[in-house]
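Working notes for the structure below.
Both counts, for ligands and for their atoms, begin at 1 and track the order of listing.
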Amino acid sequence: MSGRKGDRYSVLLPTYNERDNLPLIVWLLVKCFKESGYDYEIIIIDDGSPDGTLEVAKQLEKLYGSDKILLRPRAKKLGLGTAYIHGMQHATGNFIIIMDADLSHHPKFIPEFIRKQNEGIFDIVSGTRYIGNGGVYGWDLKRKVISRGANFVTQVLLRPGASDLTGSFRLYRKEVLEKLVERCVSKGYVFQMEMIVRARQLNYTIGEYTSGTRRSNMSCG
Ligand SMILES: Nc1nc2c(ncn2[C@@H]2O[C@H](COP(=O)(O)OP(=O)(O)OP(=O)(O)O)[C@@H](O)[C@H]2O)c(=O)[nH]1
Ligand SMILES: *[C@@H]1O[C@H](CO)[C@@H](O)[C@H](O)[C@H]1NC(C)=O
């Protein structure tokens with residue numbers, strides 16, 4: 001097993017109508033963790049998706065085992081921010097990885113995030129979607145948020161040094177994430193951005209992983 005002894009990574013996957021994407025993202029995650037040897041669990045938080053995502057999730061739980069795939073559904077769509085909190089409360093890992101289930105984010109970057117965290121002993125590692133291959137998988141979150149009129153975030157985005165704010169693919173130390181969610185008032189996408197702003201205020205260390213910056217030896221692409 002690689003990684004530091006006792007480290008465990010809990011991946012939070014909030015889903016709403018992801019029946020078609022969920023098997024692929026889970027397959028990629030399992031493959032990636034197996035090949036890289038890190039200890040993991042995948043927590044699926046489905047919010048009563050009408051497309052039957054939860055049934056698919058149950059099949060995946062059977063296939064991969066209930067120690068690896070944890071289902072923590074909620075009865076109805078309550079939003080991303082509270083989905084993360086709900087998932088985190090059930091996480092047994094000392095690290096939490098937050099990503100979208102809709103294939104905006106590729107699991108192959110996770111071992112890179114972990115290596116980056118280990119190198120710098122960072123509290124948070126944030127993916128950047130605008131550089132190199134990272135952009136291929138991401139939609140333009142910044143534009144999306146601005147178009148939704150999220151004033152708090154647009155103000156923050158316009159400040160210098162905010163390049164990593166728009167990431168929604170991140171690795172957190174669990175106790176850091178717990179401290180941050182206590183302080184965050186936003187919902188949805190804005191929540192992830194507010195977390196980085198709060199993290200800066202609290203002087204947590206943030207590593208930024210940009211997929212374009214080095215030749216990768218990732219095996220789980
Ligand atoms: N559990 C849960 N997951 C969600 C919710 N909204 C979005 N997701 C999931 O969060 C990830 C990001 O999805 P997006 O489509 O970018 O989120 P969104 O634009 O807020 O979703 P919509 O408002 O429904 O378009 C995906 O994995 C979605 O399936 C929600 O309310 N609850
Ligand atoms: C963060 O660091 C700055 C500069 O060193 C310091 O002034 C501030 O009090 C620190 N904030 C916290 C919450 O520790």
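- Heavy atoms from other residues, nucleotides or ligands lying under 6.0 Å from CZ of Arg183 number 12 at most.
- Counting the atoms of ligand 1 from 1 in the order shown, those under 4.0 Å from a heavy atom of Ile45 are 1 (N).
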What does the contact table look like for ligand 2 (nitrogen or oxygen on each side, cut-off under 3.5 Å)?
unit_1	atom_1	unit_2	atom_2	d
ligand 2	2 (O)	Asn203	OD1	3.3
ligand 2	2 (O)	Asn203	ND2	2.4
ligand 2	11 (N)	Asn203	ND2	2.9
ligand 2	14 (O)	Asn203	ND2	3.3

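- Considering backbone and side-chain atoms together, Asp47 places an N or O closer than 3.5 Å to an N or O of ligand 1.
- Between the side chains of Thr92 and Arg8, a donor-acceptor pair is found at a separation under 3.5 Å.
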Without placing hydrogens or testing angles, list every side-chain donor-acceptor pair under 3.5 Å for residues 62-71, not counting sequence neighbours.
unit_1	atom_1	unit_2	atom_2	d
Lys68	NZ	Asp39	OD1	3.4
Lys68	NZ	Tyr40	O	2.8

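- Between Tyr16 and ligand 1, a contact under 3.5 Å exists for at least one N or O pair.
- When the salt bridge (charged side-chain N to carboxylate O under 4.0 Å, His left out) test is applied to Arg173, the partners found at least two apart in sequence or on another chain are Asp123.
- Looking at Glu208 and Ser126, their side chains never bring a donor and an acceptor atom within 3.5 Å of each other.
- For ligand 1, one of its N or O atoms has an N or O atom of Glu18 under 3.5 Å away.
- Listed for the Asp47 side chain is no donor-acceptor partner under 3.5 Å among the backbone atoms of Tyr16.
- Residues Phe169 and Tyr209 place their aromatic rings such that the two centres sit no closer than 6.0 Å.
- Contacts of Glu178 classified as salt bridge (charged side-chain N to carboxylate O under 4.0 Å, His left out), with partners at least two apart in sequence or in another chain: Lys174.
- For Ala83, no nitrogen or oxygen atom sits less than 3.5 Å from a nitrogen or oxygen atom of ligand 1, counting backbone and side chain alike.
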